Structures are given as structure tokens and as C-alpha cells.
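A quick write-up on the structure given underneath.
The structure displayed is predicted, hence computed values, not measured ones. Lettering of chains follows the sequences in order, A, B, ..., and the numbering in each one begins at 1.
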Amino acid sequence: MAGAAAALDYDAELMLRVKDGDGASFGVLLEKHRSSVVHFLYRMVQNSAVAEELAQEVFLRVYRSRATYEPTAKFTTWLFRIATHLALNALRDNKNEKLQDRLDDDSSDMPVRQVSDNRPSIEQSLVYEAKLAEVRRAIGALPEKQRAAVLMHKYEEMEYSQIATVLNCSESAVKSLLFRAYEALRARLAHMA
Amino acid sequence: MENQIEAAKRSVDAALDLWEAPPVSAEFDRKLYQRIAEEKQPWWHFLLHPQRLVPVGAAAVVLIAAGLWIERPGVAPAPPPHSAAAEALPPDQAASALQEMELMQEFNRLVRADAAEPLM
């Protein structure tokens with residue numbers, strides 16, 4: 001079944017070309033997945049510099065593994081498995097360092113967003129920033145595995161089976177993780193609905 | 001279960017949609033390809049860039065200097081600690097040593113006695 005799925009996976013085909021020495025295919029994979037990997041890592045660690053550093057490591061590991069690559073699963077599953085592994089390690093390693101401080105309060109990476117029209121009022125901007133900070137805190141407060149599961153499900157639209165492979169657990173465990181995570185978020189963010 | 005998850009997700013979708021990730025920096029690809037290029041270098045590539053040998057050379061000099069300092073010829077090795085075995089004497093030598101000590105004690109007594117007598 002995994003083999004059949006992989007046969008349809010264009011990314012896996014590209015990776016096999018990289019394995020055969022086609023550097024351009026690596027460029028295509030990078031172009032296709034760069035943003036999603038960086039954004040996933042950014043939401044995991046909530047620091048854009050750290051996220052980019054980790055994302056570089058992800059793609060570097062993909063490149064290093066080209067010789068031994070076997071398309072046993074979807075390419076994105078493999079990619080996010082590497083990314084999640086690095087993110088969880090970084091979160092654990094940096095618990096006593098500045099990363100954790102930034103997790104609590106890092107507003108420097110907030111993208112500027114127009115709430116309405118071209119010029120949001122100061123009040124609208126303040127309300128938006130307050131809401132955004134609340135969302136970040138709510139996600140940051142989730143246990144690491146729940147956080148990873150929610151980010152893959154919500155922002156990357158990954159299937160339960162893929163998330164299960166990434167997190168190395170069963171599909172039912174993923175569903176349980178997701179349900180608890182969304183319930184926790186609902187409790188904290190209900191007033192924003 | 002899946003319906004419950006979707007319902008819970010829908011309730012927070014709007015809030016989570018507020019959180020946009022910042023754009024990836026323009027330097028991302030360049031840095032990545034630079035790291036890949038560095039990994040591709042053969043082990044002897046630094047020979048082509050002598051300036052990269054400076055830190056290695058400095059470390060070697062420090063190591064050699066430390067080795068020479070430790071092994072410098074002017075420094076006498078520390079004397080071995082005295083032990084009971086080293087101080088043990090043969091029985092005949094011990095007896096003569098005791099005799100000498102007794103003679104010295106007798107001599108000291110006589111000297112003190114002379115010194116105690118008032119001079120006339």
C-alpha cells in the first residue's frame with residue numbers, strides 16, 4: 001500500500017532523481033516545500049531565525065540522505081518527520097535558553113497584517129495584535145506532540161495517517177491528540193470565535 | 001471521533017487563521033546551498049586555502065609549547081616521599097645509632113650542669 005501511494009508521489013520521484021545525481025530536482029523539492037517547512041517550524045518554536053536554521057538542517061538532511069533514500073512513505077511525511085524531530089529536539093534543548101523566553105513573548109516576528117482596507121486604525125491593530133498574541137500563547141501552551149499534530153493538521157492539512165507516521169504513533173492516538181488539543185484551544189480562544 | 005475533531009477545529013479555525021507565518025528570508029536558499037557545497041568539499045580542500053590552516057597551526061603551537069614546558073630539563077623531578085621502608089636500618093646500625101644518641105644526651109647533661117654552677 002505504501003509502495004502504491006509512493007508510486008503516485010511526484011515528490012518521491014523527484015527525490016529518486018536527486019539520488020541519481022540530478023541536483024535540479026532537489027531545487028524543485030526545495031522550492032515546493034521550503035515555505036511549509038519553515039512555517040511549520042516557525043509555529044513550533046515561535047522564532048523565525050531558529051525556524052530557518054532548523055529548516056536548513058531539514059533540507060540538508062534530505063540532501064545527505066539522497067543516496068539511501070527509499071520511497072517507503074510519502075515524501076512530505078518523511079520531510080515533516082525530520083522537521084518534527086528537529087523541532088522537538090530544539091524545544092527540549094532550549095528550555096533553559098533564550099528560545100523559551102521568546103516562546104513566551106516574541107512579538108518581533110509578527111507579520112504586519114492589514115485588518116481592513118489599507119490602513120487599519122490603531123485600535124484595530126492593537127486588537128489584532130492582542131488576539132494574535134493570544135493565539136500564539138494558546139498554541140505555545142499545548143504539549144509539544146499536540147502542538148505538532150495541530151500544526152500539521154490545521155496549517156499543512158495533513159491526513160491522520162501521515163501525522164501518525166510523522167509522530168510515530170497510531171492513527172487513533174493522533175485523533176486523541178488532536179481532539180484534546182483543539183478542545184484546549186477552544187477553551188482558551190472561545191471568546192475570539 | 002473524526003466529526004468531533006472537525007467540530008472542535010471549526011470552533012477555533014477563525015482564531016488560528018489570524019496567525020500568519022512571516023515570509024522566508026531571501027538568504028535561505030543561498031545559505032543552504034553554501035552548506036551543501038561545504039559538505040561536498042574533499043577532506044584535503046583546506047590545503048587549497050592556507051588561511052584556513054591558521055587556527056590549526058595555532059592550536060598545534062600551543063600543544064607543542066605545553067609539551068615542552070612539561071618536559072623542560074631544568075626541572076628536577078620531585079623527590080619520592082619518605083617511607084617507613086626507606087628509613088629502616090639494619091639492627092647493628094640501629095644499635096650504634098642508639099649508643100651515639102645516649103652519648104649525646106650524656107654530653108648535653110654535663111654541659112647543662114656546668115652552665116648551672118655559679119662562676120666564682
Side-chain angles (χ1 to χ4, degrees), chain A residues 23 26-27 30-31 34-43 48-49 51-53 55-60 63-64 108-113 115 128 131-132 134-136 138-139 150-151 153-155 160 172 174-193, chain B residues 1-70:
Chain A
F26 181 76
L30 177 62
E31 183 65 32
R34 183 201 304 110
S35 294
S36 59
V37 170
V38 173
H39 292 169
F40 168 73
L41 289 166
Y42 167 71
R43 291 187 175 105
S48 57
E52 290 207 2
E53 208 171 294
Q56 296 240 332
E57 187 61 33
V58 171
F59 286 106
L60 200 58
Y63 189 79
R64 276 188 206 139
S108 61
D109 297 325
M110 287 183 183
V112 178
R113 179 179 162 141
V115 175
Y128 166 71
K131 284 182 174 178
L132 184 56
E134 216 166 331
V135 170
R136 290 164 60 116
I139 295 220
V150 162
L151 296 180
H153 186 247
K154 160 69 188 162
Y155 295 104
Y160 298 118
S172 58
V174 165
K175 287 174 187 172
S176 173
L177 276 176
L178 283 171
F179 183 69
R180 279 184 278 137
Y182 282 127
E183 282 297 305
L185 291 173
R186 177 152 68 174
R188 286 185 70 137
L189 305 172
H191 60 285
M192 289 170 62
Chain B
M1 185 69 170
E2 286 178 28
N3 290 339
Q4 288 174 307
I5 293 169
E6 290 306 317
K9 178 176 173 287
R10 272 196 301 275
S11 69
V12 291
D13 260 344
L16 296 183
D17 284 339
L18 285 176
W19 193 12
E20 291 174 0
V24 180
S25 76
E27 293 289 280
F28 186 87
D29 286 12
R30 188 191 59 76
K31 285 181 186 169
L32 177 63
Y33 283 119
Q34 188 179 337
R35 288 179 71 179
I36 287 173
E38 281 168 10
E39 291 212 344
K40 280 180 173 175
Q41 302 276 10
W43 67 267
W44 44 264
H45 77 282
F46 61 84
L47 296 175
L48 304 174
H49 303 275
Q51 70 275 17
R52 293 183 188 174
L53 287 173
V54 170
V56 179
V61 166
V62 169
L63 281 174
I64 290 167
L68 290 174
W69 187 81
I70 290 166

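Heavy atoms of B:E2 lying under 4.5 Å from chain A belong to its backbone as well as its side chain. When heavy atoms are compared at a cutoff of 4.5 Å, A:F179 approaches chain B by way of both its backbone and its side chain. With a 4.5 angstrom heavy-atom cutoff, A:L60 touches chain B via backbone and side-chain atoms both. When heavy atoms are compared at a cutoff of 4.5 Å, A:R180 does not approach chain B at all. For A:E134, no part sits under 4.5 Å from any heavy atom of chain B, backbone or side chain.
Options A:E31, A:E52, A:E183 differ in how many heavy-atom pairs under 4.5 Å they form with chain B, and the most are formed by A:E52.
Taking CD of B:Q4 as the start and NZ of A:K175 as the end, the distance is 11.5 Å to the nearest 0.5 Å. Here the NZ atom belonging to A:K154 is positioned 3.5 Å from the CG atom belonging to B:D17, to the nearest 0.5 angstrom. Separating the CZ atom in A:R64 from the CD atom in B:E39 is a distance of 4.0 Å, to the nearest 0.5 Å. Of the inter-residue distances, the one linking B:M1 atom CE with A:Y160 atom OH reads 8.5 Å to the nearest 0.5 angstrom.
Closest of all the heavy-atom pairs between B:A15 and A:V135 is O-CG2, 3.4 Å. Scanning all heavy atoms of the two residues, the minimum distance from B:A21 to A:R43 falls at N-NH2, 3.4 Å. Scanning all heavy atoms of the two residues, the minimum distance from B:P23 to A:H39 falls at CA-NE2, 4.5 Å. Contact record, A:Y128 with B:L18: OH-O, 3.3 Å, taken as the closest heavy-atom pair.
Two residues are said to be in side-chain contact when any heavy atoms from C-beta on lie closer than 4.5 Å; B:S11 and A:Y182 fail this criterion. Contact of the A:L132 side chain with the B:E20 side chain is not registered, since no non-hydrogen atoms from C-beta on lie closer than 4.5 Å. Counting heavy atoms from C-beta outward, B:K9 and A:L185 have side chains that stay 4.5 Å or more apart. B:L32 places none of its side-chain heavy atoms less than 4.5 Å from the side chain of A:R34.
Remark: A:A55 engages A:V37, A:V38, A:L41, B:F28 in a side chain to side chain contact (heavy atoms under 4.5 Å, CB included) (not counting sequence neighbours). Partners of A:E53 by side chain to side chain contact (heavy atoms under 4.5 Å, CB included), not counting sequence neighbours: none found.
The main-chain N or O of B:L16 is found under 3.5 Å from a side-chain atom of A:Y155 such that the two form a donor-acceptor pair.
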CA sep, side-chain torsions, deciding dist, call: B:I5, A:H153, side chain to side chain contact (heavy atoms under 4.5 Å, CB included): CA-CA 10 Å; B:I5 293 169; A:H153 186 247; 4.2 Å; yes

